[in-house]
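Notes for the one structure printed next.
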Amino acid sequence: MPHDLPKAYDPTAIEDHWAEYWVRENLFAQPVVTSAAQGESADGQPQFSILLPPPNVTGRLHMGHMLNQTEMDILTRWGRMSGRRALWLPGTDHAGIATQMMVERQLTAEGTSRQKLGREAFVERVWEWKRHYGGAILDQMKRLGASVDWGREYFTMDERLSVAVREAFVKLHEQGLIYRGAYIVNWCPRCQTAISDLEVVYDEHKGHLWEIRYPVHGDDGRETGEYLTIATTRPETMLGDVAVAIHPEDERYLHLQGKKLGLPLGDIRKAWREIPIILDDWVSRDFGTGAVKVTPAHDPNDFALGQRHHLPSINVMDDTAHINENGGVYAGLDRYAARKRIVEDLEAQGLLAAVKDHTNNVGHCDRCKTVVEPRLSTQWFVKIQPLADKAIEAVEKGHIKFTPEMYAKTYFEWMRNIHDWCISRQLWWGHRIPAWHCAVCHKITVSRLDPTHCTHCNSDQITQETDVLDTWFSSGLLPVSVFGWPGITPENRADFDTFYPTSLLVTGFDILFFWVARMIMLGCWFAGDVPMPDGSPRSLADSVPFKEVYIHALVRDANREKMSKTKGNVIDPIEIVKQYGTDAVRFTLASMASPGTDIAFNVERTEGYRAFANKVWNAARFIFMNLDRAAEVGIESPFKVLRGRKGPGGREINLLFNLPFLGGEIPLADRWILAALYKTSGEVNEALENYRFDEAAAAIYQFFWGSFCDWYLEIVKLRLDVSKTPSDEELKQRELTEEEEKALERNAIATGALHTLLFVFESSLRMLSPFMPFITEEIWHAVFDGNPPAKSIALARFPRPREGSATLAPVIEEMALLQSLIVEVRGLRKEVGVEEKAAVPIELRADAGLKKIAQENHDIIERLARVSEIRFVEAITAGLPMHHAANFDVAVVYERTIDVPAERERLAKDIAKYEKGLVAAERQLGNEGFLARAPLQVVEGLKKQEAETRHLLEKALATLKALPPDGS
RNA sequence: GGGCGGUUAGCUCAGUUGGUUAGAGCGCCUGCCUUACAAGCAGGAUGUCGGGGGUUCAAGUCCCUCACUGCCCA
């Protein structure tokens, strides 16, 4: 019996079941579109498409993923429930370096290595690893209920995606945008590959600045006895020095112009190389001694300097950062060992002028944290400027919108200072570059299909390039490649036309450049070549990979510290989910996800939202209890009555329009809760349109707990009294008794109440569902007794504000009056110490409007404020404890003596507040400028407020005066 | 060094194009096991909106400046 819910909500009891159900039933599949479509299906259904930022295949789910996925899931579920053709497309990234490292570590543990295995066997081994363990992170996603289309899951090394990678490379090559050359790149000696600028993380290191004396040579090549002292942080690179540079206006050294220096290496002075002194205004006169050594092969600035001055480059290190044969006597030493030896040798020769403490920024490999070695090497590059220009234009023209907008600035800053992209990696795991070297003519053949002969000399002595492509090259192509590019034909293009450009990208700022910018560049570049369905050329607006980018914050720990393994403050989402339930964790993340602010994840907050889930659960129990009671006396559930009815087009019916009770007199509370529901759904829609997950969550929370549970459920209890009535058969035999007649009337009232109750509750579930998919699914099925109108609440419609819902605003105001009356009475009772359980009479002086409301809803006041009788009066009986509001005065008729000093204090506080407000209001109202320039409604509002405040002040003063002296 | 943020209640954060007496959650205090929920209900306290200056009829909101702080890039 689905109505039989346990007293406390236990997420673990239901979540696995639904997570598994959603996958098994394939509920979120969005099959490949085959008929003509352009952003809309034939029936005009708008699309909502979103790509999951593919986690590394080696990845484990962390809090950042969960935030990212929660946001995407909320938007996708909301879009789907709002009638959009929603596609959330999942996949994983082959993650070149990370994955290779992981498998290499395994090999090391097994006492072997990738070199021993050989390339082919190694790659096969990685595939094997991927098949075994690669799905872990997606399995975790499944557990979290992500509503992705699992049928479209991709892996960046899949055949079809590899085709796209090759096409992109070849095309760029044909367009002259790919070149190969020897440049300074960031080299990781541990990974033994080049890495891109972005993969280098800088860290401050306390090091030294060594000042070294280089002997000045005369024209005859002999030492003049003079020395030029240079400063360096990396003495070991001296081995590759080809010059010393000074600033052209540095008068300290100008006399040395044109002279040469001996490079003091090794103990045989005669063997020292001679290097020139060059002038360049790049040199900073303030740094060190103002003279710097120039090592083009091991420093990017020096490389540029070398280019300008046509200097040679001497590479002195091998792939593992050991000194190579160019390092003479130091060959074979590790770079740090070489540094030590060189410094010692210099000192021994009296050439070390000074050693100073110095803090410098040292680049580390993003993956393995090894200190990166800038190193001259031959790599493949993308000439990025033409792609960047388009990508800049796309954002400038608003074809792509960033939220928060601030990130557009960051994007422009980077894009406008972009460097060519080093796309080759000396790895084995990845997309191998489709280029073949010819052993005969030494030229390169780049080809879509594996060639057998050199295209230049037709030799068959060709071998494929051993380098693979940067992982981001393939992930940067995803928005086009997942929808069929480059194989788009008139016959199969419907899917691409439907979903490209995708609607949105949700991601963290940490991959803004790595991935987001690259997708924009590659997407604009390649999609731009795909004609529109009607054959016309594609505009830039239609070429972008996504129309919007939402950048979310970082999830930190409760103390705002970054989560890191070394700090040991990492929160495992799966653990926290086990403890509090997925829904509560999702709601926590959503409610804290205000744009631009990092999230300090605090389990106390999660505890609060677990309580919220429990609240929802118990509201369901309450409603079910009453439905069951009603059923016992023959009143059918409103949904049972309507079962099987469908609206136009076979869509799920909006039940409210069919509710019979709406024809008659609707009680204030019912009109109010409906108005509040519509208002809230409008707020949630607006908030989600603007990625304000926090506001959306707050609106639902406030509505469900603050309005529906705290007020409506309490009020409706008055109308849920049902009893057995005679059957139709019996009534043919006899007349109704007076009692039975009353019972029938009560049952009719209860039926109306149940209609509103169930309708509002079921609507709330749909509204809450994108945020808390599990509990809402569970209860929703129970609402329909296990026979719901759709397979899942996720396929039902999201509540929309009804047209004309603005006219419901007066209802909200009316109800607010009733609520404030009740709140005042409760406060009064508390102040004068009425026992919780006792019901007392009240005196109420009210204007006509409130009087009518109070009369019509006297039973509500009596129950919610525990009032035995409402006495409407012209003036409150002197001496009774009373409160004033703008529209009424109210007093409790209670004999117990009030706490005079406390009451006096309270009134004094009120009076001070009123006086302060009054002074401010009067000052402003006396200001000619204000009256003349402020909008009318502001002036009117202030006047009204001033009058109310004056009224309240007078009342409070009178009450204070009427108080008996202390101690009475 | 260049760029971009932040500073509002004890804590974590909202606060729209300037407009009525600055809000929420958590925490805190008081009283209640009122048969949906003690993971609950009711009531309550708490702010020189980082400092200073300016613009304006009106500033948490716009401008300048100082302090502190975070991030990105080099």
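Per chain, numbering begins at 1; letters A, B, ... match sequence-line order.
For the pair A/Glu607 CD and B/C11 P, the computed distance is 20 Å after rounding to whole Å. B/A36 atom C1' lies 10 Å from atom CZ of A/Phe761, rounded to whole Å. Atom-to-atom, CD of A/Glu836 to C1' of B/G40 comes out at 14 Å; the value is rounded to the nearest Å. Atoms CG (A/Leu828) and P (B/G44) sit 10 Å apart, rounded to a whole Å. Rounded to an integer number of Å, the gap from CD of A/Glu683 to P of B/G15 is 15 Å. Nucleotide B/A39 holds its P atom 16 Å from the CD atom of A/Gln579, rounded to whole Å. Atom-to-atom, CZ of A/Phe513 to P of B/G3 comes out at 15 Å; the value is rounded to the nearest Å. One interatomic measurement links the two molecules: NZ of A/Lys837 to P of B/C41, which rounds to 19 Å at whole-angstrom precision.
Aromatic rings from A/Tyr550 and A/Phe693 are positioned such that their centres are separated by under 6.0 Å.
Residue order along RNA chain B, read from the 5' end via each residue's closest nucleotide, puts A/Pro11 first among A/Pro11 and A/Thr410. RNA chain B is contacted by both A/Glu695 and A/Arg826; A/Glu695 maps to the nucleotide lying nearer its 5′ end (nearest heavy atom per residue).
The pair A/Lys679-A/Glu683 meets the salt-bridge criterion, since a charged nitrogen lies less than 4.0 angstrom from a carboxylate oxygen. A salt bridge is defined here as a Lys NZ or Arg NE, NH1 or NH2 lying under 4.0 Å from an Asp or Glu carboxylate O, and A/Glu373 with A/Arg234 meets this definition.
Distances from the side chain of A/Arg692 to the nucleotides B/A36, B/A14, B/U30 place B/A14 closest. Checking B/G43, B/U12, B/A36 against every side-chain atom of A/Cys709, the shortest atom distance belongs to B/A36. Candidate nucleotides B/U34, B/A36, B/U12 were compared by shortest atom distance to the side chain of A/Asn618, and B/A36 ranks first. Relative to the side chain of A/Lys7, the nucleotides B/G40, B/U30, B/A38 differ in distance, and B/A38 lies closest. Here the side chain of A/Arg605 is nearest to one of B/U12, B/A39, B/A36, namely B/U12. When distances are taken from the side chain of A/Phe622 to each of B/A36, B/U12, B/A42, the shortest belongs to B/A36. Closest contact between the side chain of A/Asp694 and the listed nucleotides B/C41, B/A36, B/A14 involves B/A14.
Between the C1' atoms of B/U69 and B/C29, the separation comes to 34 Å (whole Å). Separation of the C1' atoms belonging to B/G18 and B/G27 is 33 Å when rounded to the nearest angstrom. Using atom P as the reference point in both B/A59 and B/A38, the two lie 49 Å apart (nearest Å). Nucleotides B/C28 and B/C11 are separated by 15 Å at their P atoms, to the nearest Å. Between B/U56 and B/G19, the distance separating the two C1' atoms is 12 Å to the nearest Å. The same atom, P, is picked in B/G10 and in B/G51; the two are 14 Å apart, to the nearest Å. On the C1' atoms, B/U46 is 15 Å away from B/U30, given to the nearest whole Å. B/U61 and B/U8 are spaced 12 Å apart, taking the C1' atom of each and rounding to whole Å.
Ring geometry, A/Phe612 versus A/Phe704: the interplanar angle exceeds 60°, so the pair is classed perpendicular (tilted spans 30 to 60°).
The side chain of A/Lys717 contributes an N or O atom lying less than 4.0 Å from OP1 or OP2 of B/A36. Under 4.0 angstrom from either OP1 or OP2 of B/C72 there lies no side-chain N or O belonging to A/Lys409. A/Lys615 has a side-chain polar atom (N or O) that falls below the 4.0 Å cut-off from OP1 or OP2 of B/C41. Contact check, A/Trp705 against B/A36: no side-chain N or O comes under 4.0 Å of OP1 or OP2. Contact annotation: A/Tyr701 reaches the phosphate of B/C26 (side-chain N/O to OP1 or OP2, under 4.0 Å).
With a cut-off of 3.5 Å on both pairing distances, the Watson-Crick or G-U wobble partner of B/G43 is B/C29. When both pairing distances are held under 3.5 Å, B/U35 makes no Watson-Crick or G-U pair with any nucleotide shown. The partner of B/U17, taking Watson-Crick or G-U wobble pairs whose two distances both stay under 3.5 Å, does not exist in any strand shown. With a cut-off of 3.5 Å on both pairing distances, the Watson-Crick or G-U wobble partner of B/A24 is B/U12. With a cut-off of 3.5 Å on both Watson-Crick or G-U wobble distances, the partner of B/C71 is given as B/G3.
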- Task: Let me see the working for A/Met815 and A/Ile715 under side chain to side chain contact (heavy atoms under 4.5 Å, CB included), right down to the final yes or no.
- Result: CA-CA 12 Å; A/Met815 184 69 188; A/Ile715 289 170; 3.4 Å; yes
- Evaluate side chain to side chain contact (heavy atoms under 4.5 Å, CB included) for A/Ile14 paired with A/Tyr9, printing each intermediate quantity in order. CA-CA 10 Å; A/Ile14 66 160; A/Tyr9 174 53; 3.5 Å; yes
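Heavy atoms of A/Arg829 sit nowhere under 4.0 angstrom from any nucleic acid atom. Counting non-hydrogen atoms under 4.0 angstrom, A/Leu713 reaches a base of the nucleic acid. A/Ala698 comes within 4.0 angstrom of nothing in the nucleic acid, heavy atoms only. A/Gln702 comes within 4.0 angstrom of nothing in the nucleic acid, heavy atoms only. If you check every strand for non-hydrogen atoms under 4.0 Å, A/Asn417 touches nothing.
Both tests pass for A/Lys717 against the ring of A/Phe622: distance under 6.0 Å to the centre and angle within 45° of the axis.
Using modelled atom types and a 3.5 Å distance limit, the side chains of A/Ser591 and A/Tyr701 yield no donor-acceptor pair.
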